[in-house]
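Structure first, commentary second.
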Protein chains: 2
Amino acid sequence: MSTAGPIALASDAADVSQTSIYDAIRHDILSGRLEANARLKISELAKQHNTSTNPIREALQQLRGEGLVLFTPNQGARVRPIDMEFVRDVAEVGYQLEPYLLKLFVETASAEDIAELERIQSEIEAINFSNKARHTELNHQFHEYMYERHYNRVAFGVWKQHREILGSISTRVPIAIGRQEAIIQEHRELIDSIKAQDVNLAVSTLNRHIQDAGRHVVDQLRINQTRSRGRNG
Amino acid sequence: MSTAGPIALASDAADVSQTSIYDAIRHDILSGRLEANARLKISELAKQHNTSTNPIREALQQLRGEGLVLFTPNQGARVRPIDMEFVRDVAEVGYQLEPYLLKLFVETASAEDIAELERIQSEIEAINFSNKARHTELNHQFHEYMYERHYNRVAFGVWKQHREILGSISTRVPIAIGRQEAIIQEHRELIDSIKAQDVNLAVSTLNRHIQDAGRHVVDQLRINQTRSRGRNG
DNA sequence: ATTTATAATTTTTCGTACATTATTCTGACG
DNA sequence: CGTCAGAATAATGTACGAAAAATTATAAAT
C-alpha cells in the first residue's frame, strides 16, 4: 500500500499563520493533495502546520462533522474517499436543491445582477478551458452568484458544501470537447431565460445543465477507474 | 456521514460511560435541555460529563461542523438558535429532498415494506397524539423507513440530519386538532398511493404533507414568539 | 529455507494537566 | 454616569502519560 512517505509538504507553509488549520486541511483534502483514505496522523499534521496536537484534533473533528473525514476509534482519522458513488450522490443532492435556489434569483435579479453574470460568463469563454482550475473557479462563481443572497442560508450552505466537493474532483478530470461547448451554450441559455424572467425555462435549462455536468464527471471517473483497474489487476 | 446513530438516551449521568460525549451534547441540544444561544463552557461541560476538557472541545467542534453549534473566536461555543427562520429553511431543504427519496421507495416497495408502514401507521393512530414525544418518534420512523435503504447515502444523511432538527422542535410545539386529523389522513393516502405504485400521486401527497407540516410548525413558533414578546417587551 | 505464529518494540491515539492569552466582570475614580 | 485599571474567568495552545494499535523482530514448524 506504501504511501508511507510524508505527505507532500503541506499548504504553502508561508502564510499558514493567516489561514486557519481547518481551512488548510480542508483545502488539502479538496484539492487532492491529501488523497482518498489517507491516514491523517495528528502529530504529523501538527509538525506540518507548526502547531501542537490540539488544534489539529479540533480541526479534524470539525471536518468529521462535515463528513470530509472519517474516524475509527483508537485508529484516528482518514480522508473520506471521494469515489464514484459518493460523487453521484452529491451531484444528485445538488440537483434537488439548485432549482429551488435558482427560482428566487430569476424572480428578483436586477440589471446589475445579470450584467455580473454576463461578465463572469465572458471570462469563462475568454479562457476557454485553457486553465481547468480557473474554469472550475469561474463556473463556481457563476452559480454561487445566483444563490448567495438567497434567504435560505441552510439550503445555500448545503449546496455550497456539496458544490465544493464536486468542484474538487472536477479539476482532476478532463472535460470532453463536446461538453465544453455544451457548458457555454447552457450558460448562455440560462442568462437569456433569466433576462426574460422565465422561471420555468430557467429551471429546466439548469436541470439539463447540472444533470449533464454530474453525468459527465461520473462518466469520466468511470473511465479513470477502468483504466487504473486495467493497469493494476 | 456523521453517523449520529439512534439518539442514545443522553446525559442521565448513569450510563454516560456507554454513550459518547458527542451524542450526549447533541441530544441535549436537540431535546432543548440546552436552550438556544446558551453558552457552552467547556470546563462546565467537562464537569457535567466527568471528563477533561479535550473530549468536550472535540465534541463541540464536531457539532460545529454539523452546524448545531456556533463558534466565535476567543469566546467559545453557543447553541445554534433554532428560530423561525432556521426551521423554515430546514423544512424547505427537506421539502426539496424528500420527494427524491420517496420515488425509489414507491418503485421498489415490497409487500412487507407496505405492511411495516401500515404497522407504524396503526401505532400512530393508536396513541392518537396522547404522547407527543412518542408520536414524533413514530412519525420519524414512518418516514425514515421509506428512505433508509435508498442508495444515496448522502441525501439520506442530509435529510435525516435536518429531520432531527425539525423533530426536536416539533415536540415542543402543540399540534392543532385539525392538523392531527390531516396527518393521519395524509399518511393513509400516502400508503394507498404506494400500494397502487403511483409515483406521481405519492410524491404530490408527500409534498402536501411535508409542506403543511412545516408550515404548521412555523405557525406555532410564530404564535409562541408573539406570546413571549407580549410578556417580555 | 520459507512461512506462520508469537513476542517485543515502536508508533499513535486519547485523556489529563498545565500555561498563555484574550475577554469579561468589578469597583474605584473622574 | 461613564471610563478605566486590575482581578477573575474562560478560551486556546503546549506538554505529558497511559492505553491501544501497528510494526518489527524473533522463534517454531513444515
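Lettering of chains follows the sequences in order, A, B, ..., and the numbering in each one begins at 1.
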Enumerate all atom pairs, one protein N or O and one N or O from nucleotides 4-8 of chain D, separated by less than 3.5 Å.
none

*Is there a side-chain contact between B:I56 and B:L40, using heavy atoms and a 4.5 Å cut-off?*
no
Starting at [atom1] of [X] and ending at [atom2] of [N], how long is that distance when rounded to a whole Å?
X: B:L40; N: D:dT12; atom1: CG; atom2: C1'; result: 16 Å
X: B:Q61; N: D:dT12; atom1: CD; atom2: P; result: 8 Å
X: B:I42; N: D:dA10; atom1: CD1; atom2: P; result: 10 Å
X: A:L45; N: D:dG13; atom1: CG; atom2: P; result: 15 Å
X: A:N74; N: D:dA22; atom1: CG; atom2: C1'; result: 12 Å
X: B:I56; N: D:dG13; atom1: CD1; atom2: P; result: 18 Å
X: B:N54; N: D:dT12; atom1: CG; atom2: C1'; result: 11 Å

*asked:* Taking the six-membered ring for Trp, are A:F129 and A:H135 closer than 6.0 Å centroid to centroid?
replied: yes
Does one side chain, of [X] or [Y], offer a donor that lies under 3.5 Å from an acceptor on the other?
X: B:Y22; Y: B:E58; value: no
X: A:Y151; Y: B:D89; value: no
X: B:S110; Y: B:D113; value: yes
X: A:S20; Y: A:D23; value: yes

*For A:I21 and A:A59, which heavy atoms make the closest approach, and how far apart are they?*
CG2-CB, 4.2 Å
*Want to settle it: does B:E44 or A:P55 sit nearer the 5' end of DNA chain D, counting the closest nucleotide to each?*
B:E44
*Looking for any heavy atom pair under 4.0 Å, which part of the strands does B:T51 touch: base, sugar-phosphate only, or nothing?*
sugar-phosphate
*Report the nucleotide, chosen from D:dG13, D:dA20, D:dA22, that has the shortest atom-to-atom distance to any side-chain atom of B:R57.*
D:dG13
*With the side chain of A:Q75 defined as its heavy atoms from C-beta on, choose the nearest nucleotide among D:dT12, D:dG13, D:dA21.*
D:dA21
*Candidate list B:Y100, B:Y95, B:Y147, test ring pair (Phe, Tyr, Trp, His ring centres under 6.0 Å), partner B:W159, passing option*: B:Y147
*Toward the 5' end of DNA chain C, which comes first, B:S52 or B:R39, by nearest nucleotide?*
B:S52
*Are B:R149 and B:Y145 in a cation-pi setup, meaning NZ or CZ lies under 6.0 angstrom from the ring centre and within 45 degrees of the ring axis?*
yes
*Between which nucleotides of DNA chain C, 5' to 3', does chain A make heavy-atom contacts below 4.0 Å?*
C:dT12 to C:dG15
